[in-house]
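Down below is the structure, laid out as structure tokens.
Each chain gets a letter, A, B and so on, in the order its sequence line appears, and its residues count up from 1.
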Amino acid sequence: MLNPQQLAAVEHCDSPLLVLAGAGSGKTSVITQKIAYLIARRKLSASKIAAITFTNKAAKEMRERVGKLVSSEDAAALTVCTFHALGLKFLQIEHARAGLRRGFSVLDADDSEGIVKELAPKGAKPDVLFGIRNLLSRAKNGGLSPEEALAAARSPRELEAATIYDMYQQRLAAFNAVDFDDLIRLPLRILESDADCRDAWHERLRYLLVDEYQDTNDAQYRLLKVLAGERGGITCVGDDDQSIYAWRGANPENIDQLGHDWPSLRVIKLEQNYRCGKRILRAANQLIANNPHLHEKKLWSEHPEGAPIRVLECKEAEHEAERVAALATTLAEKHKARWHDIAILYRGNFQARPLEKALRLARIPYHLTGALSFLDRAEVKDLLCYLRLLTNPSDDAAFLRVVNVPKREIGAVTLEKLGQIAQSRHSSLLDATRSDSVLRQLTPRPAAALASFSDLLDELRSASLHESAADLVELILKRTGYAAQIAASTTDASVRERKLGNLKELADWFRAMQKGGNSAGDLASQLALLSHADRDEPGNAVRMMTLHSAKGLEFRFVFIVGCEDGTLPHEGAIDEGRIDEERRLMYVGITRAKELLTLSWSARTKRYGEVHANQPSRFLHELPQADLHWQGKDPEADKEAVRETAESHMAKIAAMLAGN
DNA sequence: GCATCTACAAGTATC
DNA sequence: TTGTAGATGC
């Protein structure tokens, strides 16, 4: 069942292990089999093993697969979760060491962005704000505390950002809250500085298995290092060729860092691919050979050669979409493909638009992955904030979000005043509304509204002690008037239905999670870490997604659209010389295909209303030409595109002249 | 407090 | 060109 390299990776437990696992080489099998091996052969207690992933989806899949290999007791005792969920678990146990009280909140990205905005100088331009958030996040991902960031500041801008960082953390402390970055930074800080705590966790977690290791950032790496300790009970599985998140802080150099920090590191390569046809693999290998490599890796496959890779040359994005839709229909009719065997991948979300149109027209069911995040929906966020506020009355961010949702005639002026009063008496906003002396400082009407709001929360809080989380959601909807507000909203029926549907889905989620015996408060924290990707995929529909979100997936038939210079590789990446990561992105896309790969490009692109002439992606020229089958090559196409670009400029000039 | 208008920006996205 | 965020007016 396992090949010799996979077996070696499973059985090597006595020093740290790095598994360089090519695309489709069965890395999840190695991780899950190794967990089973550690339990059965090495007699390690399941509760002392942690498998760490980047997404909840990957964690869920791993949990399911390992569940088939070990007993249900062992499966329940295992820790299989994301980096952030592990950090959350750590902080829930060690909250006192982090200066947090039980029931602390996890702020989402919007909340923390809002706080930064408040703390930044009034009227700061968006790019300044962006810069501050960037520096702040860099400091946090570097594991720096506000004091360290202040000491390390080298320029006035850095000093300003560090000062804001300091105030930001004070604000979070007052809220009894952490943000996403803190879920890594705080455990890291505690483990690095507190030997007793470190020893306890070394005892608690004896073996770590890390998925998608190339995606770790510096703080995550340090967390792994301190958790694994000198003993080095750790297996990291990753692929430098699939490193596509450097722009998000991932540091692929962490792959080499392992060998420096643990000289006894063993490296095993998995090079047999179990997914793609030979031709597809040859194309992928030849493409990625254009990137520099520290660890040479050559994937091979026992699968059949497969059909040539088609390259569709199209006039424009609409034409491209129509051809893709037509070919998808052919696949379904002639090759008995199910719709969900087909994926259409692209560089940017905006490219989905013409595709959607063409698929609708062709009556092909499709599903957009990751378009709108479920948890970003206003109604879902509102409900979660109610739960946060019930568990953590200090959570001012949650208070501000829901205090006037539904409308309670509590406006900005009232809240401004309340905020000043709360600040002067060092209490949370909700606490302040409970004090008569505070309410007397406000005008009677808003004061009464605030008082009844806090009464309502008290009522819900006492209900939360005995209601299940799912019932609590229903109760909140009813008692706050939220459900009534949706029902009465002037918007059309489909919007109302969608909102109620989302809230029902939220309640269903709670019901499912409740089985783990979690309290409502725990559920609320965990939900902050969930994302849209965790929802079940819809049935038989063509999958449309970005190349980034396709990583880890596989499909029988794959289309990669927009293979043009400027789109893939992206223009900004070309300008800044970041071609290698774009090439890896193409590599990820190609290696998603099991049987048939179709690449397409358009001679013209409409960009921000202007027509541009395109060149086919340089990556197309890097592929083995003998394996490509160019379709619709029209030597006139380029000339035509250039002519039309010129025409569109002429038309613009004419319009300007006419305007004058 | 809400609706409407205007100006601006335009990559990828996890937790 | 399109979407969204912020400002402005009622």
Side-chain angles (χ1 to χ4, degrees), chain A residues 52-59 81-88 106-113 117 123 125-127 129-130 137 140-141 178-185 211-212 215-217 219-220 243-250 317-318 345-354 369-373 375-376 404-415 446 489-491 525-534 545-552 562 566-576 578 581-582 584-586 588-589 605-612 648 652:
Chain A
I52 306 166
T53 64
F54 274 86
T55 64
N56 289 296
K57 195 177 165 192
C81 66
T82 62
F83 269 99
H84 290 85
L86 181 69
L88 177 63
V106 180
L107 301 190
D108 68 21
D110 271 2
D111 294 324
S112 49
E113 198 177 313
K117 205 181 243 176
K125 297 260 163 25
D127 56 326
L129 277 175
F130 184 77
S137 147
K140 290 195 139 192
N141 286 326
V178 297
D179 65 12
F180 286 137
D181 291 337
D182 286 341
L183 291 175
I184 310 297
R185 186 181 68 92
D211 189 27
E212 303 283 13
D215 291 340
T216 50
N217 64 27
Q220 286 159 339
S243 162
I244 53 174
Y245 285 112
W247 53 274
R248 194 171 84 177
E318 286 72 20
L345 312 179
Y346 36 79
R347 182 62 178 79
N349 284 307
F350 66 93
Q351 293 172 274
R353 197 169 295 276
T369 300
L372 259 171
S373 172
L375 292 173
D376 284 342
N404 202 29
V405 180
K407 303 277 171 284
R408 296 189 181 88
E409 300 188 298
I410 301 166
V413 180
T414 307
L415 290 175
S489 58
T490 49
T491 42
S525 316
Q526 285 173 26
L527 264 178
L529 303 183
L530 281 175
S531 79
H532 60 86
D534 307 306
M545 66 191 85
T546 61
L547 288 159
H548 281 91
S549 35
K551 188 164 73 138
T567 309
L568 175 63
H570 189 270
E571 198 166 16
I574 298 174
D575 293 345
E576 293 165 34
R578 290 182 282 113
E581 186 153 305
E582 298 290 304
R584 289 192 288 268
L585 202 47
M586 181 80 176
V588 165
T605 313
K606 281 192 218 112
R607 291 251 277 285
Y608 326 131
E610 278 190 59
V611 181
H612 285 261
S648 117
K652 264 197 157 167

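- The ring of A:W247 has its center no closer than 6.0 angstrom to the ring center of A:H570.
- Residue A:T546 places at least one side-chain N or O under 4.0 Å from the OP1 or OP2 atom of B:dA13.
- Between atom CG of residue A:L568 and atom CG of residue A:L547 there is a gap of 6.0 Å, rounded to the nearest 0.5 Å.
- B:dC15 atom P lies 15 Å from atom CG of A:L86, rounded to whole Å.
- Nucleic acid contact for A:K117: sugar-phosphate only, since backbone atoms but no base atoms lie under 4.0 Å from a heavy atom of the residue.
- Taking atom P in both C:dG3 and B:dT12, one finds a spacing of 14 Å when rounded to whole Å.
- The side chain of A:N349 places an N or O atom within less than 4.0 Å of a non-bridging phosphate oxygen (OP1 or OP2) of B:dA13.
- Phosphate proximity of B:dT12 to A:S549: absent, as no side-chain N or O sits under 4.0 Å from OP1 or OP2.
- Across all strands shown, A:F54 has heavy atoms under 4.0 Å from sugar-phosphate atoms exclusively, and none from any base.
- Rounded to whole Å, the distance from CG on A:D575 to P on B:dA10 is 14 Å.
- Straight-line distance from the NE2 atom of A:H570 to the P atom of B:dA10: 10 Å, rounded to whole Å.
- We find that CG of A:L585 is positioned 11 Å from P of B:dT12, with the value rounded to whole Å.
- Between A:G348 and A:H84, it is A:G348 whose nearest contact on DNA chain B lies nearer the 5' terminus.
- Using a 4.0 Å heavy-atom criterion, one finds that A:I410 contacts the sugar-phosphate atoms exclusively.
- Here the straight-line distance linking atom NE2 of A:H84 with atom CG of A:N56 works out to 10.5 Å at 0.5 Å rounding.
- Residue A:R353 places its side chain closer to C:dG3 than to any other of C:dG3, B:dA13, B:dC15.
- The interatomic distance linking A:M545 (CE) with B:dA13 (P) rounds to 11 Å, in whole Å.
- In terms of heavy atoms, A:A58 sits closest to A:T55 at N-OG1, 3.0 Å.
- What separates CZ of A:R248 from P of B:dT12 is a distance of 13 Å, to the nearest Å.
- Judged by ring centres under 5.5 Å apart and planes tilted less than 30 degrees, A:F83 fails to stack against the six-membered base ring of B:dC15.
- One atom, CD of A:Q351, and another, P of C:dT2, lie 17 Å apart when rounded to the nearest Å.
- The distance between atom CG of A:D179 and atom C1' of B:dT14, rounded to the nearest whole Å, is 14 Å.
- Between B:dT14 and A:N56, no contact under 4.0 Å exists linking OP1 or OP2 to a side-chain N or O.
- The 5' end of DNA chain B is approached more closely, in terms of each residue's nearest nucleotide, by A:N404 than by the other of A:R578 and A:N404.
- Within the 4.0 angstrom heavy-atom criterion, no nucleotide atom of any strand lies near A:E212.
- Contact detail for A:A109 and A:F180: the closest heavy-atom pair is N-CE1, 4.0 Å.
- The side-chain heavy atoms of A:M545 and A:K551, taken from C-beta on, include no pair separated by under 4.5 Å.
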